[in-house]
Amino acid sequence: MEVSRRDFLKGSLAGAAALALTSVGLGAAAPKAEAAGLNSKDPAEKPGFFTNPYNHAASDAAKVVTAEVIVVGAGNAGCAAAASLADNNVQTVVIEQQNVIHGQGGGIGMVNTKFVQSLVDDGKLDGLTDVVEHQNIWVQRCGSRVNEKLVSMWFNNSPATGEWLIDKCAEYGVVPISFRAHAPKAIIPETYDYHMFFGVGDFQFDDKCGYFAASNVCYTDAQRADKHEKPAVFFFNTKAQDLLVEDGRVVGVFAERGGELWLFRGTKGVILATGGIHEDPEMTAYYCDDYVNRVQRCEHGPAGFSTGDGHKMGLWVGGKMQEGGPFPLMLHPQANAMFHGCFPFVNTNGERFMNEGTWVQGKSMNIMNQPGNIAYSIFDKNYGEYNVKSLEGGTGGGMFWDSMAGSIGQAFAPEDVIPTVESDIANGNTLVADTLEELAEKIGCPVDTFVETIKRYNEMVAQKFDDDFHKPVEFLYPVNEGPFYAAKIGVALLAIVGGLSVNTDLQVLNNDKQAIPGLYATGNTSGDLYAIDYPINCAGNSNGRCFIWGYLLGKILAGKEGLDEALTGYDELLTLKGEDVAEVVVDSTVYKDGVYEGVGTGRNGEIKVAVTVTDGKIAGVEILSHSESADIGALALPKLVDQAVAANSAAIDGASGATMTSDGFRQAVAAALELAK
């Protein structure tokens with residue numbers, strides 16, 4: 001099925017819309033004295049997050065809820081686990097500190113699914129993915145520091161998970177699609193196993209859902225009492241704090257809910273699915289190397305929730321973090337311009353520094369070694385035609401090389417990337433000049449050095465050999481016809497993919513590498529699948545892990561014996577859950593009546609609003625104009641309007657997975673309200 005995806009991917013490949021976090025927001029670099037202390041058992045070298053500040057006892061709880069399994073976190077990983085547990089007739093309660101689920105990302109990597117097989121059957125692909133080749137690439141990219149049993153588990157269970165998820169999504173009019181710009185013949189080949197789930201039906205998901213359709217489906221499907229004997233129950237606005245251990249077994253999790261301490265007991269186990277660590281500066285300083293501080297921003301949102309809560313709870317009961325050095329960073333060169341192709345990159349000194357015909361992770365790491373942690377892709381007026389040539393042979397491709405808007409099997413065209421470049425020009429992320437000298441001045445680099453760099457590059461293009469960095473000849477194109485372009489390339493952090501050490505039953509391990517009874521981890525809370533680097537030869541494989549591990553957890557826990565305890569009945573769970581309405585804090589400021597306009601900067605450009613004030617309070621917010629993506633930002637704007645009106649303020653929580661849109665909306669409303677004071 002071919003679906004137009006330019007608008008869809010423009011937002012969704014960014015994962016969640018970006019958090020405006022600089023390196024300062026991610027925490028200072030780890031002190032050199034601590035670097036050697038990664039995974040150390042010496043308490044003297046361990047920072048404060050190793051100490052449990054709660055230490056609750058069962059008698060402290062105001063309320064107790066008992067189910068077979070407690071899932072902590074309602075993101076991609078938690079929703080997938082809940083759906084599989086419901087399918088396998090396991091009573092499940094999911095607790096989530098936000099008021100919404102937070103599934104996000106661009107797509108889901110799962111190899112050789114029925115969707116991929118359909119592409120082969122239609123003649124759009126030559127064949128299925130060679131799992132021998134790609135598992136070995138994965139292990140090599142991770143420095144052979146991963147648990148290869150887990151990597152095999154990922155590959156071996158991809159097809160079954162894909163069938164399960166694709167069939168489930170189909171019930172709600174949600175179908176998988178993919179983009180064509182992979183590089184199966186590259187030096188580091190990429191597979192065609194990226195699944196972007198897109199709604200084509202009329203089904204309307206409830207207001208707890210975001211833009212990531214696959215998680216919306218799992219969340220919705222897990223709760224269906226008409227379908228499951230034991231439907232899952234989600235408790236929102238419920239923040240997990242620490243775990244309860246009895247007789248050496250994890251039997252529950254304490255959580256704050258409505259100002260009270262609740263105990264959620266799990267007779268079969270507790271699954272930690274709380275996401276990553278990137279918003280805890282102490283944890284990033286301890287578990288990551290300095291590159292975590294060199295990104296332009298983080299694009300995993302919403303802000304304030306990826307603080308390693310599950311990791312900490314696991315540590316407090318004797319869990320062990322994965323070994324193998326600093327936690328890997330999932331990086332994309334998308335923090336500024338969204339297109340840069342394979343053209344020559346220069347730093348702010350006007351110097352070339354790498355082979356640009358490589359994958360996104362390689363580009364990102366090299367860029368973060370440059371002054372200011374940025375670079376510029378330099379190309380001339382023929383960039384569209386040259387880009388087509390670089391993609392046609394299957395040696396070039398991948399994210400931010402093509403527009404990622406064309407269907408597999410569809411021919412490449414120069415017009416594919418022109419709108420992206422024009423958009424980048426409009427928002428200031430791509431510069432244009434009639435001469436190379438003028439372009440160098442706009443970049444702010446030494447003119448003579450820059451001109452000499454491009455001259456030498458053109459000479460190597462003519463000789464069809466890159467003496468400096470040995471870029472393949474398929475990616476050597478001249479820069480000699482104006483106008484000339486400089487696309488600013490900054491690096492975005494999508495996730496930190498390191499976590500608690502787990503076995504093939506996804507049980508958390510202790511320092512002796514023995515399973516902790518009753519404790520499981522999934523998603524970015526789990527570890528051992530990645531090390532050193534993020535292996536993007538199978539794009540979207542981290543989200544793939546969320547769904548594959550979730551699918552398996554349903555089967556694993558269905559086969560586990562549970563404690564002999566009375567479970568809380570389904571009707572009582574619903575009563576205890578209540579409406580789960582987030583408390584709205586209303587600003588008491590009195591504004592001047594009238595209509596006031598304001599402008600902010602969203603993911604793709606300006607957001608302009610008109611705020612109507614009546615009787616001193618915000619009565620309405622009209623979106624006058626915006627350029628946000630149709631599938632993420634545009635869907636978030638009505639929710640943001642409702643929040644601003646309810647709070648009488650621009651200081652609102654924002655929409656999950658649309659952080660840059662939320663930031664721009666807040667800026668626009670705040671600017672309007674300044675005029676109303």
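For the single chain, residues carry numbers from 1 onward in sequence order.
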(Q) Measuring from atom SG of Cys79 to atom CG of Asp221, what distance do you get when rounded to the nearest 0.5 angstrom? (A) 11.5 Å
Q: Using the side-chain hydrogen bond (donor to acceptor under 3.5 Å, both in side chains) rule, take Thr274 and Asp309 through it: C-alpha gap first, then chi angles, then the decisive distance, then the call.
A: CA-CA 6 Å; Thr274 57; Asp309 293 357; over 6 Å; no
Q. Below 4.5 Å, heavy atoms only, C-beta onward: do Lys230 and Val90 meet side chain to side chain?
A. no
(Q) For Tyr530 and Tyr534, take the angle between the two ring planes, folded into 0 to 90°, and tell me which bin it lands in: parallel under 30, tilted 30 to 60, perpendicular over 60. (A) tilted
Q) Atom CD in Glu190, atom NE2 in His134: separation rounded to 0.5 Å? A) 9.0 Å
(Q) Can you confirm if the aromatic rings of Trp154 and Trp549 lie within a centre distance of less than 6.0 Å? (A) no
Q) Is the closest basic N to carboxylate O distance between Lys208 and Asp206 below 4.0 Å? A) no
**Q.** No-hydrogen, no-angle side-chain donor-acceptor test under 3.5 Å, Thr661 and Glu628
**A.** yes
Q) Should the pair Phe547 and Phe212 be assigned to parallel (<30°), tilted (30 to 60°) or perpendicular (>60°) ring geometry? A) tilted
**Q.** Set of residues satisfying ring-ring contact (aromatic ring centres under 6.0 Å, His included) with respect to Tyr219, sequence neighbours excluded
**A.** Phe234
Q. With a 6.0 Å cut-off on ring centres, are Tyr192 and Tyr194 close enough?
A. no
Q: Taking Lys268 for its side chain and Ala558 for its backbone only, find out whether a donor-acceptor pair lies under 3.5 Å.
A: yes
Q) Hey, what do you get for CD (Gln241) to CZ (Arg257), rounding to the nearest 0.5 Å? A) 13.5 Å
Q) Angle class for the Phe327/His311 ring planes (parallel below 30°, perpendicular above 60°, tilted otherwise)? A) tilted
